[in-house]
Asks: 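What follows is a structure written as structure tokens; I'll ask about it next.
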Amino acid sequence: MIRSVLSRVPGFNLPRYDRCIRLGESVGIVQRDRRLGQRLGVSATPTFFVNGRRYVGIASQAALESAVSAATAGTRRPRARAVTASRNP
């Protein structure tokens, strides 16, 4: 099923995808990313990190832009639910 969806994506390289799946080339990368996400407390998507703050459930581009603007301007946090990301493994 996913293959039929991917085959309709403009510019998607289906033979490269098939090779990657067949050889398992990305398994280690995916596992590493998964472990990192677990250590950082990622439990849902979307999750974004801005200046070490974890934003869970930002549902719009405007909310993400607000988080970035607040972080770069040194102002208070935007209204999105935010928690501090743990930096300890």
Asks: Working to the nearest 0.5 angstrom, can you tell me the gap between Leu40 CG and Arg54 CZ?
Replies: 8.0 Å

Asks: Table please: side-chain donor-acceptor pairs of residues 29-38 below 3.5 Å, with sequence neighbours left out.
Replies:
none

Asks: In the structure I gave you, are the side-chain heavy atoms of Phe49 and Val42 within less than 4.5 Å of one another anywhere?
Replies: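 Counting from C-beta outward, Phe49 and Val42 do come under 4.5 Å.
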
Asks: Counting N and O atoms only, with roles assigned by atom type, does the side chain of Ser69 sit under 3.5 Å from a partner on the main chain of Ser66, one being a donor and the other an acceptor?
Replies: no

Asks: In Å, rounded to the nearest 0.5 Å, how long is the span from CZ of Arg19 to CG of Leu14?
Replies: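 Atom-to-atom, Arg19:CZ and Leu14:CG are 14.5 Å apart.
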
Asks: Can you tell me how far the CG atom of Leu64 sits from the OH atom of Tyr55, to the nearest 0.5 Å?
Replies: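 So the CG of Leu64 and the OH of Tyr55 are separated by 9.5 Å.
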
Asks: Side-chain heavy atoms nearer than 4.5 Å, only ILVMFWY residues, links allowed to pass through others: does that put Ile21 and Val9 together?
Replies: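 Same hydrophobic cluster.
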
Asks: How about Ser4 and Arg8: do any of their side-chain heavy atoms sit closer than 4.5 Å?
Replies: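 Yes, their side chains come closer than 4.5 Å.
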
Asks: Is it the case that atom CD1 in Ile2 sees more than 12 heavy atoms from other parts of the structure closer than 6.0 Å?
Replies: no

